[in-house]
**Student:** 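Pasting in a structure now, in structure tokens, and then I'll have a few things to ask.
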Amino acid sequence: MIQNVLKETGGIGLFGIISICLFFTVFTGALIWTFLQKKSFLTTMESLPLSDGEITSELKGEAHHE
Amino acid sequence: MNIETFKYDNRVVRAFAIATSIWAVVGMLAGLLAAVELFLPGANLNLQYITFGRLRPLHTNAVIFAFVGNGMFMGIYYSLQRLCKARMFNDTLSWINFWGWNAIIVAAAISLPLGLTTSKEYAELEWPIDIAIALVWVVFCINLFGTIWKRREKHLYVAIWFYIATAITVAILHIVNSLEVPAGAFKSYSIYAGVQDALVQWWYGHNAVAFFLTTPYLGLMYYFLPKASGRPVFSYRLSIIHFWALIFIYIWAGPHHLLYTALPDWAQSLGMAFSIMLVAPSWGGMLNGLLTLRGAWDKVRQEPMLKFMVVAVTAYGMATLEGPMLSIKSVNSLSHYTDWTIAHVHTGALGWNGFLTFSMLYWLFPRLYRTDLYSVKLANWHFWLGLLGMMFYVVPMYWSGITQGLMWKQFTPDGFLQYPNFLETVLQLIPMYRLRAVGGSLYILGVLIGCYNLYKTARQGRFEPDTEAQAPALERSGHGAESGHRWLESKAGLLSVLATVAVLIGGAVEIIPMFVIQGNVPTISSVKPYSPLEVLGRDLYIREGCVGCHSQMIRPFRSETERYGEYSKAGEFVYDHPFLWGSKRTGPDLHRIGGKYPDAWHYNHMDDPRLTSPGSIMPRYPWLLTQKLETNSLPARIAALRKVGVPYPAGYEARAQKDLEKQAATIVQNLKAGMVKAESNREIIALIAYLQRLGTDIKAGQAPKTADLAPLPQTTVSLNP
């Protein structure tokens with residue numbers, strides 16, 4: 001299908017191929033990066049929203065239980 | 001370690017929160033009135049400012065940019081500070097962002113009813129407002145990146161990535177799509193024409209959905225969902241994949257709005273393929289959200305805020321499954337131009353954006369005012385009314401869309417259209433339109449209860465303008481030991497560059513070939529520029545928002561060529577600045593309307609459509625019959641059109657008025673033959689000239705079939721240099 005699509009672009013085939021390659025390379029790169037992460041780092045990041053350094057909320061926040 | 005104490009700014013968050021609540025009510029009421037006008041065409045009380053064509057863009061702009069826009073800023077300004085452990089970069093910029101944005105919305109609320117519009121969907125605002133939008137957006141970007149720059153948290157949480165992608169992409173989209181040449185203070189012409197304009201517009205339109213309604217709200221989901229449930233995100237890994245996959249793939253999908261149109265096939269196939277790929281990251285994101293709540297479902301039952309959130313995320317999942325499905329060509333051939341699209345977008349708007357915004361509001365108000373929610377019971381009422389309202393909205397629209405789509409395509413055994421009269425297919429839908437208005441009303445009732453609840457919550461608490469917080473200062477010296485991705489993710493600048501590259505690749509591949517390859521828009525020699533009177537008529541068509549109900553794009557199906565005539569060719573639109581293909585057929589396609597009826601028919605039909613078409617739901621346009629045609633701006637319009645590439649000969653401005661008068665006189669003559677007495681300087685004359693020209697160029701050379709048709713304007717001939 002890709003071949004067909006590219007053919008019909010009439011002469012920009014190379015441009016298209018370069019773009020698609022670039023697209024897949026960067027995307028694969030992002031995937032690989034993701035899987036190289038250490039578990040400890042991921043755990044920190046997963047709970048990052050839970051700590052915001054608020055002084056007041058840590059004191060009073062628990063007073064009105066959600 | 002050096003512990004610093006600082007304050008989060010709650011004032012600007014509150015301002016955005018109040019604004020989003022008010023605009024929610026305004027935008028939805030505008031939508032309700034528009035919905036009522038579709039079964040009660042007199043509901044505008046014959047006021048031109050609130051006819052359907054002008055009201056629809058008001059509704060969409062109010063909901064997207066006023067309601068969701070303020071909701072998005074509210075959530076970003078709250079979460080960004082806390083995720084960066086820093087106050088916003090600059091308070092003044094925050095307030096310029098707030099007042100600037102809301103001033104733009106007020107300008108929209110005034111200019112759209114006045115008919116000042118470019119007609120490009122979700123980009124209707126005229127050029128001075130476009131410039132203001134760009135400036136305010138830059139202020140937002142500076143504030144965003146400034147805050148990231150002075151943060152005390154080393155790592156950028158995934159929500160911030162989504163904010164960055166939003167900031168950059170919206171800027172690019174807005175600027176590229178709004179390139180236009182002014183013809184006066186409130187009028188401009190898109191620099192693109194026809195097919196190219198359509199492609200740029202839907203590259204924009206689709207990605208406005210992606211990067212204004214989706215990515216910022218996903219960022220907010222990734223912040224508020226864990227926050228409210230007190231649980232860490234289910235999988236941070238998944239959230240990163242979600243992010244990259246989404247921004248990469250989304251940007252390619254725009255052409256799915258133009259399937260089976262005159263857009264070249266390769267662009268259509270590209271759009272379809274990438275749209276289908278979108279299911280994967282979207283569902284990954286939805287599952288990541290829902291799984292974050294694992295083990296917290298008892299909380300969901302008690303906490304209204306979480307209930308709203310769960311429905312919002314589920315609606316996101318439903319809309320993002322349906323979207324790719326609608327991008328499949330065969331499904332699209334049935335769904336396109338029908339109410340199915342309306343059902344689809346309202347799953348997104350009412351479910352995903354609406355419920356997520358209310359969820360944030362219910363969570364924020366008690367915290368900003370240091371109190372409990374005024375009434376959990378009322379919040380539950382809001383929830384159930386909202387859900388019921390959505391059902392009553394969406395289900396009738398599916399029904400209506402599929403019914404009408406099938407009726408358009410139905411042939412009798414002898415090979416004739418089963419419903420040759422378009423109006424017949426419309427009348428079938430009226431009960432559905434009534435039900436939809438009921439659904440919308442229920443939803444709005446819920447919103448009003450919600451606003452009351454928030455107001456009472458504010459009254460019983462005490463507003464905390466600044467929240468004190470503490471965090472260690474961030475050491476800025478780089479560690480060599482950081483692993484690749486952490487390094488990447490702590491570098492906001494690099495991240496932005498990569499996100500921009502991702503976005504640009506997709507956009508470039510779609511758009512550039514359309515401009516560099518002549519073959520993509522085959523020229524048709526008999527297609528000529530519009531005459532001066534037709535230009536003004538076309539601008540009236542734009543002013544009145546006829547494009548909100550009428551397409552000008554006949555698809556190459558037998559069911560359409562039988563009904564409307566020869567299918568539309570790319571080369572026919574080369575002088576259409578902007579394109580007016582439309583996206584919804586509440587009325588029939590108008591691309592081949594030229595020559596179908598005598599001038600007098602149009603005169604009577606525009607005065608009151610029910611005179612010629614009993615039961616029609618098209619609004620009356622009596623003001624077109626009485627208002628004087630404004631011709632002072634004609635030279636400016638001709639000059640601007642020449643600048644964007646329409647080949648009017650040099651100095652044509654001087655002759656334009658005379659040509660206009662000549663053509664108007666012919667139409668007055670034709671009207672007289674049809675027993676209509678009209679003056680030649682009224683707006684209706686220009687509109688008729690335009691309508692009679694539509695789609696006739698490829699028939700040039702053939703003699704008009706009936707004597708009472710308007711003769712093809714002589715003026716077009718004199719345009720040839």
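What you are looking at is a predicted structure, and each value in this text was computed from that prediction instead of being measured. Within every chain, numbering begins at 1; the chains are lettered A, B, ... in the order of the sequence lines, protein sequences first and strands thereafter.
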**Student:** Is chain A contacted by the side chain of B/Phe234, its backbone, both, or neither, given a heavy-atom distance below 4.5 Å?
**Tutor:**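 For B/Phe234, the backbone is the part near chain A, not the side chain.
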
**Student:** Can you tell me how far OG1 of A/Thr44 sits from OH of B/Tyr157, rounded to the nearest 0.5 angstrom?
**Tutor:**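 So the OH of B/Tyr157 and the OG1 of A/Thr44 are separated by 12.0 Å.
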
**Student:** By salt bridge (Lys or Arg N to Asp or Glu O under 4.0 Å), which residues pair with B/Glu153, not counting sequence neighbours?
**Tutor:**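 So B/Glu153 forms a salt bridge (Lys or Arg N to Asp or Glu O under 4.0 Å) with B/Lys85.
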
**Student:** Once you round to the nearest 0.5 Å, how far does OG1 of B/Thr292 lie from CD of A/Glu46?
**Tutor:**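 The distance works out to 8.5 Å.
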
**Student:** Please look at A/Leu31 and chain B and tell me whether the side chain, the backbone, both or neither of the residue comes under 4.5 angstrom of a heavy atom of that chain.
**Tutor:**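 Side chain of A/Leu31 only, per the 4.5 Å heavy-atom cut-off to chain B.
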
**Student:** Test of understanding: with salt bridge (Lys or Arg N to Asp or Glu O under 4.0 Å), list the residues that count as partners of B/Lys329, not counting sequence neighbours.
**Tutor:**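 Listed in chain order: B/Asp265.
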
**Student:** Measure the spacing between CD1 of A/Ile55 and OG1 of B/Thr5 and express it to the nearest 0.5 Å.
**Tutor:**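 Spacing of CD1 (A/Ile55) from OG1 (B/Thr5) equals 5.0 Å.
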
**Student:** For the atom pair OG1 (A/Thr28) and CH2 (B/Trp244), what is the distance rounded to the nearest 0.5 Å?
**Tutor:**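 A/Thr28 atom OG1 to B/Trp244 atom CH2 measures 13.0 Å (nearest 0.5 Å).
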
**Student:** Please find the pair of heavy atoms, one from A/Leu50 and one from B/Pro232, that lie closest to each other, and give the distance.
**Tutor:**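 The answer is CD1-N, 3.9 Å.
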
**Student:** B/Ser235, B/Ala159, B/Cys84: which one forms the most heavy-atom pairs within less than 4.5 Å of chain A?
**Tutor:**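 Most heavy-atom pairs under 4.5 Å with chain A: B/Ser235.
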
**Student:** Name the one of B/Gln470, B/Arg82, B/Arg367 that satisfies side chain to side chain contact (heavy atoms under 4.5 Å, CB included) with A/Glu54?
**Tutor:**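 Answer to the side chain to side chain contact (heavy atoms under 4.5 Å, CB included) test with A/Glu54 among B/Gln470, B/Arg82, B/Arg367: B/Arg82.
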
**Student:** Nearest 0.5 Å, please: how far is CD1 in B/Ile241 from CZ in A/Phe35?
**Tutor:**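 That separation rounds to 4.0 Å.
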
**Student:** First locate atom CE of A/Met45, then atom CG of B/Leu156, and finally report the distance between them rounded to the nearest 0.5 Å.
**Tutor:**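 Here the rounded value is 7.0 Å.
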
**Student:** Decide side-chain contact (heavy atoms from CB on, under 4.5 Å) for A/Leu48 and B/Tyr223; before the verdict, give the C-alpha distance in whole Å, the side-chain angles of both, and the deciding distance to 0.1 Å.
**Tutor:** CA-CA 9 Å; A/Leu48 201 71; B/Tyr223 178 78; over 6 Å; no

**Student:** Answer with side chain, backbone, both or neither: which region of B/Tyr222 has an atom nearer than 4.5 Å to a non-hydrogen atom of chain A?
**Tutor:**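 Contact with chain A involves the backbone of B/Tyr222 alone.
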
**Student:** With the side chain counted from C-beta on, respond yes when A/Phe41 and B/His155 share a heavy-atom pair under 4.5 Å apart, and no when they do not.
**Tutor:**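 Yes, side chains in contact.
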
**Student:** Test B/Arg237 against A/Leu42 for side-chain contact (heavy atoms from CB on, under 4.5 Å), laying out the working first.
**Tutor:** CA-CA 7 Å; B/Arg237 204 169 257 156; A/Leu42 290 172; 3.5 Å; yes

